[in-house]
Colleague: 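Handing you a structure now.
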Amino acid sequence: MFEKILIANRGEIACRVATTARRMGIQTVAVYSDADANALHVNLCDEAVYIGESLPSESYLRIDAIISACKSTGAQAVHPGYGFLSENETFAQALTQAGIVFIGPPAAAIAAMGSKSAAKSLMQAAQVPLTPGYHGDNQDPLFLNEQADIIGYPVIIKASAGGGGKGMRIVAESHQFMQALASCKREALNAFANDQVLVEKYINRPRHIEVQVFADTHGNTVHCFERDCSVQRRHQKVLEEAPAPGMTANQRQAIGQAAVAAAKAVGYVGAGTVEFIADSTGAFYFMEMNTRLQVEHPVTEMIIGQDLVEWQLRVAFGETLPLSQEQLTIAGHSIEARIYAEYPEGGFLPSTGKLEYLEFPPHASFTRDKPVRVDSGVRKGDLITPYYDPMIAKLVVWGENRLAALAHLRAALAQTHIVGPRTNVAFLTRLLDNAAFSQAQVHTGLIEQEKSSLLPQSTPPSEQAILLALSHLLSRELADVDPRDPWSTMTGWRIGTSAKRSLTFTHDAGELAIVLQYGQPHRVSWILAQQDPATQTSHTFDFFNVDSSLTVRTEKEKFTGQVVAQNNSFHVFVQGRHEVFSLQDALANAAQNHAEESKLTAPMPGRIVAVLVQVGNPVEKGTPLMVMEAMKMEHTILSPHAGKVETVLFSVGELVTEGAQLIQISET
């Protein structure tokens, strides 16, 4: 077996590979950029080599720097993870020429599947079902528009060299095609250095089914069954599960055989994923083959009881596959939820910042000893930067069946507490509770279909959350009390009465005016002010701390939650919800200046990739003005009203911070 390998990646997947390598007695070398100098993957590996600046093009995409790191450390092989150079044939060839083993498929297989259009031709020859579309080399925009008209709308434009949901646009009508094509090509060029696209018929309510395949250098090829990856936002997966719900034995056999045929058609070696799109009848069509390990590989590991990274290392070293097709069986059900730093209610925009608090549920790694597994590349105190994918962790659960797995995942999400950047934890909880998902009525448009319930603009805080925030505030004040000093007691004693105190909290749902009336220590009455004074009622509660949790007792119930305080903000975790209350500071609010509507600001930190207007241009409400890119995703800035462009403050290529003014428009 290899004595030392280099991991040409970062974050969660670099930590994942390092953990398996350590268990196998293999030394590991990490590479890192400026932004990752103190990253978890750097600490987990035996050695680490600096390879450049924070932008991927200046570090993780530098083939020369990675090969140099291999030579300086004596690494015999390179594991590319996923993303970055994992599907780059030039990288695979360069490693081979340098006498370094690429832990992945041959460069020829990467080349064959790296172009979606070329892959379609190979699959057609291998008799793998294909979706109707244009997969040729003619990239003239007018010609592509004509092909889309012939195919019939809706169509989907895909980056030919793409993957991971990048460089994809759904087009509903012909007049929308050219703008969508331009955006798709820009994103593809930025992500893959190749703006060639293909156009296919968009199947309504499709399911995204993929099959894990594995092949060795001795002629053995197997599939490790299928995963359902239909639940997506912005063409990127959110929840994945294995096996695919509702799949019959005949369908499983057919799609598995098709995936093996696809792998054999290109002389595949190592781990790969053949992706299919399935319609409501169960018919499936080849979409693409990802010539690498997938983000969602843990759900396959959990149902077959195997470590697929170990398989990769053994196959790359020249060993045969550990199991034959007949020896591979499915046990139970597994679901993976991707925890992202993003703002679901704001269009899933990425979020950045310091992880001020980070707590995961009790978990195990790569085994079923516990129902929960956590794969992560960050710790409390780490920064989520705009340079890379905003994934914080993957929660992976296993159960005897899908119902049991769903119960484990609900519990795991409720025990996942994150303070800092916005996250999608609450969104994922709502998704699990959605009737369509819980009944396995999944398709790639599910989130859009259910967005009214999945993406509420704001919801009133629960009474439990309010009382936990109040209790934490009061317990923090009680901590400063000297029990020997009668003047510092918190009983609120007054001659003939007790003290009252008015507080105002701000919350996503608005302001909360609260009146407290003190009683004995730890016992307080409270009133939540209503518009109609006649509806106001007074309730009594007391509280006490147990370890890191806070327990509140009222006249009708007792409950426990966790509160993380940051200055005058209280992050409350209770009943699977994360509520944030800020104690209002009248002086600060009076001094706050709200931005005028005409001053368009950056909704996230990122880079300007297109400026679509010039000073003096008239615009209508909804006119595209500028395109930003952050964390591999594009966001178009639209005009909020009709008017004239007065100022354009940034140009293409410039970096902007969140909240920076981008454009000023006069109102007409």
Side-chain angles (χ1 to χ4, degrees), residues 86-89 92 104-137 151 156 158-163 194 196-201 203 206-229 243-244 247-279 281-294 297 300 308 311-312 315 320-321 324-326 328:
S86 61
E87 296 179 280
N88 188 305
E89 61 177 296
I110 297 175
M113 289 300 184
S115 167
K116 285 185 172 65
S117 54
K120 299 281 185 179
S121 300
L122 281 170
M123 294 305 102
Q124 190 170 23
Q127 298 184 334
V128 178
L130 297 178
T131 309
Y134 176 73
H135 312 120
D137 295 328
I151 294 167
I156 184 166
K158 297 181 184 178
S160 185
N194 183 341
Q196 184 163 328
V197 301
L198 55 85
V199 183
E200 290 183 338
K201 179 69 177 176
I203 296 174
R207 289 180 69 182
H208 185 142
I209 308 292
E210 62 185 33
V211 180
Q212 178 75 64
V213 294
F214 238 103
D216 61 26
T217 55
H218 303 275
N220 303 305
T221 305
V222 300
H223 68 81
C224 302
F225 309 108
E226 81 289 344
R227 303 184 282 253
D228 190 302
C229 306
M247 183 76 70
T248 67
N250 288 338
Q251 289 172 328
R252 178 167 292 120
Q253 182 179 18
I255 202 168
Q257 289 175 345
V260 169
K264 288 182 175 180
V266 293
Y268 201 77
V269 173
T273 306
V274 186
E275 303 197 0
F276 297 92
I277 193 167
D279 63 22
T281 69
F284 59 89
Y285 308 95
F286 174 84
M287 215 169 29
E288 62 182 339
M289 182 176 184
N290 288 312
T291 52
R292 54 173 167 79
L293 203 64
Q294 292 278 90
H297 75 274
T300 296
L308 295 183
W311 279 37
Q312 284 186 295
V315 166
T320 59
L321 292 176
S324 67
Q325 190 68 68
E326 293 72 26
L328 285 164

Colleague: Please round to the nearest 0.5 Å and tell me the distance separating atom CD of Glu275 and atom CZ of Arg227.
Modeller: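 Glu275 atom CD to Arg227 atom CZ measures 8.5 Å (nearest 0.5 Å).
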Colleague: Which value, rounded to the nearest 0.5 Å, describes the distance between Arg292 atom CZ and Thr273 atom OG1?
Modeller: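 Taking CZ in Arg292 and OG1 in Thr273, the distance rounds to 7.0 Å.
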Colleague: Any side-chain heavy-atom pair from His223 and Leu328 closer than 4.5 angstrom?
Modeller: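 With C-beta onward as the side chain, the pair stays apart.
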Colleague: Would you check if Glu226 and Phe276 make a side-chain contact, meaning some heavy-atom pair closer than 4.5 Å?
Modeller: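 Answer no - side chains too far apart.
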Colleague: Roughly how far apart are Leu130 CG and Ile277 CD1, rounded to 0.5 Å?
Modeller: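 Answer for the CG-CD1 pair, Leu130 versus Ile277, is 12.5 Å.
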Colleague: Check whether Gln325 reaches the backbone of Val222 with its side chain - one donor and one acceptor, N or O, closer than 3.5 Å.
Modeller: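 Side chain of Gln325 to backbone of Val222: no pair is present.
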Colleague: To check you understand the geometry: which heavy-atom pair defines the closest contact between Gln294 and Glu210, and what is its length?
Modeller: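 For Gln294 versus Glu210, the nearest heavy atoms are NE2-OE1, 3.4 Å.
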Colleague: Distance from Arg252 atom CZ to Met247 atom CE, nearest 0.5 Å?
Modeller: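 These two atoms lie 6.0 Å from each other.
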Colleague: Tell me the closest heavy-atom pair linking Ile203 and Pro206, and the distance in Å.
Modeller: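 Closest heavy-atom pair between Ile203 and Pro206: O-CD, 2.8 Å.
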Colleague: Kindly give the heavy-atom pair with the smallest separation between Ala271 and Leu293, and that separation in Å.
Modeller: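 Between these two residues, the closest heavy atoms are CB-CD1, 4.0 Å.
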Colleague: How long is the gap from CD1 on Ile110 to OG1 on Thr291, to the nearest 0.5 Å?
Modeller: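 Those atoms lie 5.0 Å apart.
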Colleague: Might you point out which heavy atoms bring Ile209 and Ala244 nearest each other, and give the distance in Å?
Modeller: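 Shortest heavy-atom contact: CD1-CB, 3.9 Å.
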Colleague: For a side chain to side chain contact (heavy atoms under 4.5 Å, CB included) with Phe214, tell me which candidate from Val260, Asn220, Leu308, Thr221 qualifies.
Modeller: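 Single side chain to side chain contact (heavy atoms under 4.5 Å, CB included) partner of Phe214 among Val260, Asn220, Leu308, Thr221: Leu308.
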Colleague: Would you check if the side chain of Asp216 reaches a backbone N or O of Val315 as a donor-acceptor pair within less than 3.5 Å?
Modeller: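 No, because the side chain of Asp216 does not come within donor-acceptor range (under 3.5 Å) of the backbone of Val315.
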Colleague: Locate the shortest heavy-atom distance separating Ala215 from Leu321; write the atom from each residue and the value.
Modeller: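 Nearest heavy atoms, Ala215 then Leu321: C-CD2, 4.2 Å.
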Colleague: Quick check on Gln124: does its CD atom have over 12 non-hydrogen neighbours (other residues, nucleotides or ligands) under 6.0 Å away?
Modeller: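 Result for CD/Gln124: open.
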Colleague: Backbone N or O of Met287 within a donor-acceptor pair of the Lys120 side chain at under 3.5 Å?
Modeller: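 Yes; at least one donor-acceptor contact below 3.5 Å.
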Colleague: Would you say the side-chain atoms of Asp279 pair up with the backbone N or O of Gly282, donor to acceptor, closer than 3.5 Å?
Modeller: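 Between the backbone of Gly282 and the side chain of Asp279 there is a qualifying donor-acceptor contact (under 3.5 Å).
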Colleague: Report the distance from atom CD1 of Ile156 to atom OG1 of Thr131, rounding to the nearest 0.5 Å.
Modeller: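 These two atoms lie 10.0 Å from each other.
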Colleague: Can you check whether Val274 reaches Phe286 side chain to side chain, under 4.5 Å on heavy atoms?
Modeller: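 Result yes, sub-4.5 Å side-chain heavy-atom pair found.
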Colleague: Check whether any side-chain N or O of Glu200 sits under 3.5 Å from a backbone N or O of Gly133 as a donor-acceptor pair, and report yes or no.
Modeller: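 Not confirmed, Glu200 side chain does not pair with Gly133 backbone.
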Colleague: Any donor-acceptor pair under 3.5 Å linking the side chain of Gln212 with the backbone of Gly272?
Modeller: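 Here the side-chain-to-backbone pair exists.
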Colleague: Which heavy atom of Ala119 sits nearest a heavy atom of Met113, and at what distance?
Modeller: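 Between these two residues, the closest heavy atoms are CB-SD, 3.6 Å.
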